[in-house]
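Just the heavy atoms: all of them, side chains too, but no hydrogens, waters or symmetry mates, feed the values below.
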Amino acid sequence: MTKGYIFDYGGTLDTGGCHWGRLIGHAYEQCGVGIDNQLFREAYVYAERELAKQPIIQPHYSFRQTLATKLQIELEYIHRCHPELHVKDKHEALLNTLYATTQKETARSKRVLEQLKVNYPLVLVSNFYGNIHTVLREYGMDHLFDNVIESAVVGVRKPDARIFTLGVDALALQPHEVVVVGDSYDKDIVAAKNAGCQTVWIKGEGWTDEEIDAQAADHVITSIEQVIELNC
């Protein structure tokens, strides 16, 4: 019997299950950033690693500031590789396009969380940069979580199952009483299953087209609204 929920943030509550790499790639196409897929992937991975290695994102940064910083690092990488491409001119268009998407998707997620909150305690478990509380306030979701477990704060990152154990402990429940909802099969679903939790995989557009044998997922859904319909 379900007594509480743990939610992932990035890719789950802010993109509707679409991997952030894919989402940014679509924005590049929409805004006319003409680069090949290999270069884009290199730039995306480079920016992610830079943000993970260095304290670039500050606790007071909003999501818009965070996204602006991530895009700036990506575009500067592309410019260094190909100075003839005037990609840095596209920064504002990319930022506005992507931020509008997150506003829409977080509004959808907020409605679902509000419904669940009536009957269940909720905890957020996220690999983030140390500013997740600022981001939650930005989108009006800070009141919905009983606790927040953020990798940059606790020193444990997914796919380490211990981060979900911290979430379970924050709920003061047993692992089998907790449902974990996330978009990343490896980082969320497999890790949460290893922690003994029930799992709901939001299967959206992944970083690769590889087919996944979703044995670790108790339920597979395609939109966050479907969480309400499940009988976990």
Side-chain angles (χ1 to χ4, degrees), residues 8-110 124 126-142 148 150-153 157-158 182-184 187 202 204-209 224:
D8 168 53
Y9 186 78
T12 298
L13 298 181
D14 58 359
T15 74
C18 182
H19 188 282
W20 259 102
R22 290 282 196 172
L23 194 71
I24 294 175
H26 293 324
Y28 272 47
E29 294 174 5
Q30 184 178 341
C31 296
V33 182
I35 62 171
D36 63 60
N37 188 55
Q38 181 61 35
L39 179 57
F40 165 71
R41 284 175 171 264
E42 289 175 6
Y44 177 82
V45 171
Y46 174 80
E48 288 297 307
R49 289 175 177 169
E50 284 297 296
L51 292 176
K53 288 189 302 183
Q54 303 181 44
I56 298 170
I57 304 300
Q58 299 299 305
H60 66 275
Y61 275 26
S62 67
F63 189 75
R64 186 176 176 89
Q65 288 174 291
T66 302
L67 184 55
T69 303
K70 185 195 299 275
L71 289 171
Q72 181 179 348
I73 295 171
E74 286 181 16
L75 296 174
E76 287 176 350
Y77 177 91
I78 295 168
H79 179 72
R80 286 197 299 273
C81 294
H82 292 278
E84 75 279 6
L85 300 177
H86 300 288
V87 292
K88 292 196 287 186
D89 297 343
K90 300 291 187 178
H91 183 272
E92 192 69 15
L94 287 167
L95 178 58
N96 290 336
T97 297
L98 288 163
Y99 192 68
T101 298
T102 63
Q103 287 179 308
K104 176 183 175 182
E105 294 299 335
T106 51
R108 288 177 59 197
S109 297
K110 182 180 177 181
L124 189 74
S126 178
N127 283 355
F128 220 73
Y129 309 109
N131 64 324
I132 193 65
H133 287 282
T134 301
V135 172
L136 290 174
R137 286 194 297 271
E138 180 180 1
Y139 289 117
M141 295 195 294
D142 53 312
V148 172
E150 185 178 9
S151 61
V153 175
R157 288 181 62 85
K158 306 172 192 177
D183 73 297
S184 172
K187 293 180 180 179
I202 301 182
E205 192 175 2
W207 180 232
T208 71
D209 296 323
I224 195 165

With no hydrogens and no angle check, do the side chains of [X] and [Y] hold a donor and an acceptor under 3.5 Å apart?
{"X": "Ser126", "Y": "Asp8", "value": "no"}
{"X": "Tyr99", "Y": "Lys104", "value": "no"}
{"X": "Thr106", "Y": "Asp14", "value": "no"}

What's the spacing between [X] [atom1] and [Y] [atom2] if we round to 0.5 Å?
{"X": "Leu98", "Y": "Leu94", "atom1": "CG", "atom2": "CG", "value": "6.5 Å"}
{"X": "Arg157", "Y": "Lys187", "atom1": "CZ", "atom2": "NZ", "value": "6.5 Å"}
{"X": "Ile57", "Y": "Thr66", "atom1": "CD1", "atom2": "OG1", "value": "4.5 Å"}

Smallest separation among heavy atoms of [X] and [Y], with atom names:
{"X": "Leu23", "Y": "Cys18", "result": "N-SG, 3.8 Å"}
{"X": "Ala152", "Y": "Tyr129", "result": "CB-C, 3.7 Å"}
{"X": "Tyr139", "Y": "Lys110", "result": "O-CD, 4.1 Å"}
{"X": "Thr12", "Y": "Ile224", "result": "O-CD1, 4.3 Å"}

Do side-chain atoms of [X] reach the backbone of [Y] as a donor and acceptor pair under 3.5 angstrom?
{"X": "Glu105", "Y": "Thr102", "value": "no"}
{"X": "Arg22", "Y": "Gly206", "value": "yes"}
{"X": "Thr134", "Y": "Pro59", "value": "yes"}
{"X": "Asn131", "Y": "Tyr61", "value": "yes"}
{"X": "Ser109", "Y": "Leu13", "value": "yes"}
{"X": "Asn96", "Y": "Ala93", "value": "no"}
{"X": "Gln38", "Y": "Ile35", "value": "no"}
{"X": "Ser151", "Y": "Phe128", "value": "yes"}
{"X": "Glu150", "Y": "Gly130", "value": "yes"}

Answer yes or no: is there a side-chain heavy-atom contact under 4.5 Å between [X] and [Y]?
{"X": "Cys81", "Y": "Leu39", "answer": "yes"}
{"X": "Lys88", "Y": "Gln72", "answer": "no"}
{"X": "Tyr28", "Y": "Asn37", "answer": "no"}
{"X": "Thr101", "Y": "Thr15", "answer": "no"}
{"X": "Glu76", "Y": "Tyr46", "answer": "no"}
{"X": "Trp207", "Y": "Val45", "answer": "yes"}
{"X": "His91", "Y": "Leu95", "answer": "yes"}
{"X": "Gln58", "Y": "Gln65", "answer": "no"}

Among Lys90, Gln30, Glu92, which residue meets the side-chain contact (heavy atoms from CB on, under 4.5 Å) test with Thr97?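 So, applying the side-chain contact (heavy atoms from CB on, under 4.5 Å) to Thr97 and each of Lys90, Gln30, Glu92, only Gln30 qualifies.
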Only one of Asp142, Ile132, Val153 clears side-chain contact (heavy atoms from CB on, under 4.5 Å) with Val148; which?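 So, applying the side-chain contact (heavy atoms from CB on, under 4.5 Å) to Val148 and each of Asp142, Ile132, Val153, only Ile132 qualifies.
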If you count the non-hydrogen atoms of other residues, nucleotides and ligands that lie under 6.0 Å from CZ in Arg41, is the total more than 12?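 Atom CZ in Arg41 is crowded, with more than 12 foreign heavy atoms closer than 6.0 Å.
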Can you confirm whether or not the ring centre of Trp20 sits under 6.0 Å from the ring centre of Phe63?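 When the ring centroids of Trp20 and Phe63 are compared, they turn out to be within the sub-6.0 Å range.
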Begin from the C-alpha positions of Asn127 and Tyr9 and carry the test side-chain contact (heavy atoms from CB on, under 4.5 Å) through to its verdict. CA-CA 8 Å; Asn127 283 355; Tyr9 186 78; over 6 Å; no
Decide side-chain contact (heavy atoms from CB on, under 4.5 Å) for Glu74 and Ile24; before the verdict, give the C-alpha distance in whole Å, the side-chain angles of both, and the deciding distance to 0.1 Å. CA-CA 10 Å; Glu74 286 181 16; Ile24 294 175; 3.6 Å; yes
Looking at Glu84, His79, Arg80, which one forms a side chain to side chain donor-acceptor pair (under 3.5 Å) with His82?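 So the option named by the test is Glu84.
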Between Leu75 and Asp89, does a side-chain contact (heavy atoms from CB on, under 4.5 Å) hold up when you go through it step by step? CA-CA 9 Å; Leu75 296 174; Asp89 297 343; over 6 Å; no
Less than 4.0 angstrom from a charged side-chain N to a carboxylate O is my criterion; do Glu48 and Lys70 meet it?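 Yes, charged N to carboxylate O under 4.0 Å.
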